[in-house]
J.: 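Got a structure here, written out as structure tokens. Questions coming.
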Amino acid sequence: MRKPVFAANWKMNYGPQETRGFLLKFLASYPPRDDRTVIFFPPAVSLAVAGFALRDRPDVLLGVQNIHWEEKGAFTGETSAQMARDCGATVALVGHSERRQLFGETDEMTARKCAAAARAGLTPLLCVGERADERDRGTTQPVVMRQLKTGVGRLEKTQLASMLVAYEPVWAIGTGKTARPEDATIVHSAIRRYFREALSGSADSVAILYGGSVNADNTAELIAAPEVDGLLVGGASLDVDTWTRIVST
Ligand code: PGA
């Protein structure tokens with residue numbers, strides 16, 4: 001059995017002071033437990049403060065929401081994987097649908113970012129998912145598989161085996177609509193099959209998360225769905241009591 005993963009994607013919320021306050025409150029009400037993994041993705045400017053707040057809690061991981069694929073240079077406004085590492089991050093979110101839709105991130109860019117993350121020692125968490133029109137056309141699986149194959153295309157087998165994937169249907173993000181657990185299972189199973197083939201064997205070490213309007217009331221049902229190894233949570237991760245309930249499910 002894989003340990004369930006609960007990941008909080010804060011998006012553009014919580015600067016350093018709010019991040020520190022949230023994490024101290026959360027850690028006080030969530031004692032260490034080894035049967036699950038919790039990951040926080042604060043904004044880049046809050047990473048250092050978060051890394052410091054989490055320094056004595058190796059059970060709670062830190063991740064960066066976005067990285068550039070180059071190691072350094074003239075890329076105004078960008079953050080490198082190594083810089084996130086320096087702040088204590090061990091995971092990098094790549095290809096979130098907001099990056100793809102609002103900032104023009106292509107499948108090829110996600111591939112470069114996954115490779116840059118892995119090179120710097122960060123575990124990539126690649127997000128994939130279809131838009132409403134793609135779902136309505138019945139193209140969910142081809143879209144997800146294209147994003148997945150291209151996104152992981154520059155990774156070595158050992159990096160593939162330890163990565164994280166999040167299936168986040170775009171129509172479910174921030175809308176209050178969630179995929180039915182059985183529909184998530186179908187897509188997660190296809191993702192797992194892809195990894196089995198790519199790794200020529202077991203893909204048990206790859207955690208496949210679901211994301212899209214997860215809240216404290218639907219967490220139990222979604223996390224219990226076959227092939228759902230964890231949850232990537234946006235809005236509902238911003239309230240410390242709600243988030244504590246979710247990770248304690
Ligand atoms: P949501 O966002 O939980 O607010 O739908 C999820 C995500 O974008 O990762």
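Both counts, for ligands and for their atoms, begin at 1 and track the order of listing. Computed from heavy atoms alone, side chains included, the values below leave out hydrogens, waters and symmetry copies.
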J.: Any salt bridge between E70 and R112, counting N to O under 4.0 Å?
T.: no

J.: Decide whether V91 and V38 are clustered together by the hydrophobic rule: side chain heavy atoms of Ile, Leu, Val, Met, Phe, Trp, Tyr closer than 4.5 Å, transitively.
T.: no

J.: Are the charged groups of R192 and D229 less than 4.0 angstrom apart, N to O?
T.: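 Looking at D229 together with R192, the answer is yes, because their closest N to O distance falls below 4.0 Å.
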
J.: Could you name the protein residues that come within less than 4.0 Å of ligand 1, counting only heavy atoms, and order them by chain and residue number?
T.: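 Only N9, K11, H96, E168, A172, I173, G174, G212, S213, L232, V233, G234, G235 have heavy atoms that fall under 4.0 Å of ligand 1, ordered by chain and number.
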
J.: Salt-bridged, R100 to E105, with N to O below 4.0 Å?
T.: no

J.: Can the ring centres of W10 and F41 be said to be less than 6.0 Å apart?
T.: no

J.: Is any side-chain N of the basic residue among D59 and R33 closer than 4.0 Å to the acidic one's carboxylate O?
T.: no

